[in-house]
Amino acid sequence: MNVLAALPHPVFAGFTGAFEFIFSKQESSVTGGKKVGGIEQVLELAWTQTYVSLLALALAFVIAVPVGLYFGHRGTGELLAVGIGNAGRAVPELALIAFIAAIIGVGIPVLTIALAVLGIPPILTNTFVGVRQADRSAVTAARGVGMTEFEILRKVELPMAVPGIMTGVRGSTVNIVATATIAPLVGVVTLGDFILGENVYGTNGVLAGAICTAILALLFEFALAGLQRRLTSKGLRLQAQ
Amino acid sequence: MTSLAATPLAAVGEVGKGFIHERTGETLPCQARPNHLFCWDWATENIHRYGTPTLQQFELTVISVLIGFAIAFVLALLARRFRLLQWPLLAGTGILFAIPSVAFFLLLLPITGRGRETAIIALSAYTLQIIYRNVMQGLANVPESAKQAARGMGLTDRQILWKVELPLAIPEIIGGLRIATVSTVAIATLAVFAHAGGLGTQIYSEANLTFPTAIILAGGIAMLMALAFDVVFLTVQRFATPWRRVEAV
């Protein structure tokens, strides 16, 4: 692990070596003849990262959205909902991951919970704010036509909160995918392994890891942006134009 | 640069008072006991090690947010002037925001190598989206009536921008700076991967990765720093918008 200090300043090599690393296997000086890199390993690690990220995102979602909806509908707990969002931003990912590895242990379940912890605040806060910003006259009208509180929440406030919820999900995904990059610290080998294991993969591997991680994060971002468009009700979209 | 070699495993064992092991009767320093959450003795004796990393973290944050603010502010003014730029700027800063910071640091490897500059480039790129969005939001929230009144008083477009719109947008602008700064403090912990120092050096080392006290201490200092920035911005916001206080009364 103690590679940072030992290595000489990286050479001004350019990106060619990194792309070679992504697409074809390379010799490594420390794996005893076992080759590293290549598209198969890249895809395998990318899949692990996608898998734990989605798992954590799903966990964060099922916890944060109901809580946010509930407090948003009741109109209480604003200080808590916003406070959690603010506090969540201040948590240093590296410290959290290292702490969990040192105290609780390693493995996918532990990592998923840690990532979900980082993913909850943006979703919770944005869901809350999204519901609060739902058109109050629409809510009053819904109550006037005899909808129950649950119907109001499901048919009026939830659709109006979708843009807010999705903003939260995107923020949360940025956190989760970024932190999943340092997941090798809790024993889950994601693309970050290329970045953290410079003595195994070499400088080209580090750069290749950075490129692949960035691409993966952007794929998440684009997918969610598309999903947000699809989920936003037609009425709200027309209103925005 | 603080090298990891500065905190070798051996040094951890040298300090701290002895504790008697409950069953074997052996004397163990607090930090040698497994699963011990926090060693106060170690912390008080080693707190001096955290001075330089804390300062580095502070510098990384302040410089990155200042650069990010300068760029985002100019971009926002450009977008206000040329509306066609609004969407591409939002998308562009959004892409920078989505790239994980660890990856960003190392993407710059062939260009700027490793070091403080690399960390600052990545960290300020990360703040662009937050600040840009908030400045735009602030400008958009300025009431049309205020602008019309200013125009009626004979102010030019430029005067309206600087004397009416921007002052009225201060709450959102400071709100953006607040979010950006707090996030940057947390993310600057990862600057250790760019060899840029900071509190991450006290976490990411062979000795400390298995030593909860060091991790809690470094993480705790980072969170306190974020909290301090938060309080500073809230105070500034209060004094920069005196009309809001009048409204509140």
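Protein chains get the first letters and strands the later ones, always in sequence-line order, with residue 1 at the start of each.
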Determine the option with the most heavy-atom pairs under 4.5 angstrom with chain B, choosing from A:Ala178, A:Gly209, A:Ala210.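 Answer, by heavy-atom pair count under 4.5 Å with chain B: A:Ala210.
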Residue among A:Ala90, A:Ala225, A:Gly192 with most heavy-atom pairs under 4.5 Å to chain B: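 Looking at each of A:Ala90, A:Ala225, A:Gly192 in turn, A:Ala90 comes out on top.
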What part of [X] is in contact with chain B, defined as an atom under 4.5 angstrom from a non-hydrogen atom: side chain, backbone, both or neither?
| X | answer |
| --- | --- |
| A:Leu191 | neither |
| A:Ala101 | neither |
| A:Phe220 | neither |

[X] portion near chain A, given a 4.5 angstrom heavy-atom threshold:
| X | answer |
| --- | --- |
| B:Ala186 | both |
| B:Ile179 | both |
| B:Ile203 | side chain |
| B:Val182 | both |
| B:Ile216 | side chain |

Restricting to non-hydrogen atoms, name the atom on A:Ala214 and the atom on B:Ala103 that form the minimum distance, rounded to 0.1 Å.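 Taking A:Ala214 first and B:Ala103 second, the nearest heavy atoms are N-CB, 4.2 Å.
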Heavy-atom closest contact (B:Ala98 atom, A:Val174 atom, distance):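 Heavy-atom minimum between the residues: CA-CG2, 4.0 Å.
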Counting heavy-atom pairs closer than 4.5 Å to chain A, which one of B:Leu108, B:Leu107, B:Thr189 comes out on top?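 Result: the option with the highest number of such pairs is B:Leu107.
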Top contributor to chain A interface from B:Ala218, B:Ala188, B:Ser183, B:Ser101 [non-hydrogen pairs under 4.5 Å]: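 Maximum pair count with chain A is reached by B:Ser183.
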Can you measure from [atom1] ([X]) to [atom2] ([Y]) and round to the nearest 0.5 angstrom?
| X | Y | atom1 | atom2 | answer |
| --- | --- | --- | --- | --- |
| B:Leu106 | A:Phe194 | CG | CZ | 13.5 Å |
| A:Ile195 | B:Phe105 | CD1 | CZ | 11.0 Å |
| A:Thr213 | B:Ile99 | OG1 | CD1 | 10.5 Å |
| B:Ile187 | A:Arg89 | CD1 | CZ | 10.5 Å |

I want to check something: taking the side chain as every heavy atom from C-beta on, are A:Pro92 and B:Leu199 in contact at a cut-off of under 4.5 Å?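 Side-chain contact under 4.5 Å: no.
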Pair A:Ile182, B:Tyr204 - check side chain to side chain contact (heavy atoms under 4.5 Å, CB included), show working. CA-CA 11 Å; A:Ile182 52 173; B:Tyr204 190 67; over 6 Å; no
Taking atom [atom1] as the centre, does [X] end up with more than 12 heavy-atom neighbours from other residues, nucleotides or ligands that are less than 6.0 angstrom away?
| X | atom1 | value |
| --- | --- | --- |
| B:Phe97 | CZ | yes |
| A:Arg136 | CZ | yes |
| B:Arg133 | CZ | no |

Pick out which of A:Thr181, A:Thr179, A:Leu94 makes a side chain to side chain contact (heavy atoms under 4.5 Å, CB included) with B:Leu190.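 Of A:Thr181, A:Thr179, A:Leu94, side chain to side chain contact (heavy atoms under 4.5 Å, CB included) with B:Leu190 is met by A:Leu94 alone.
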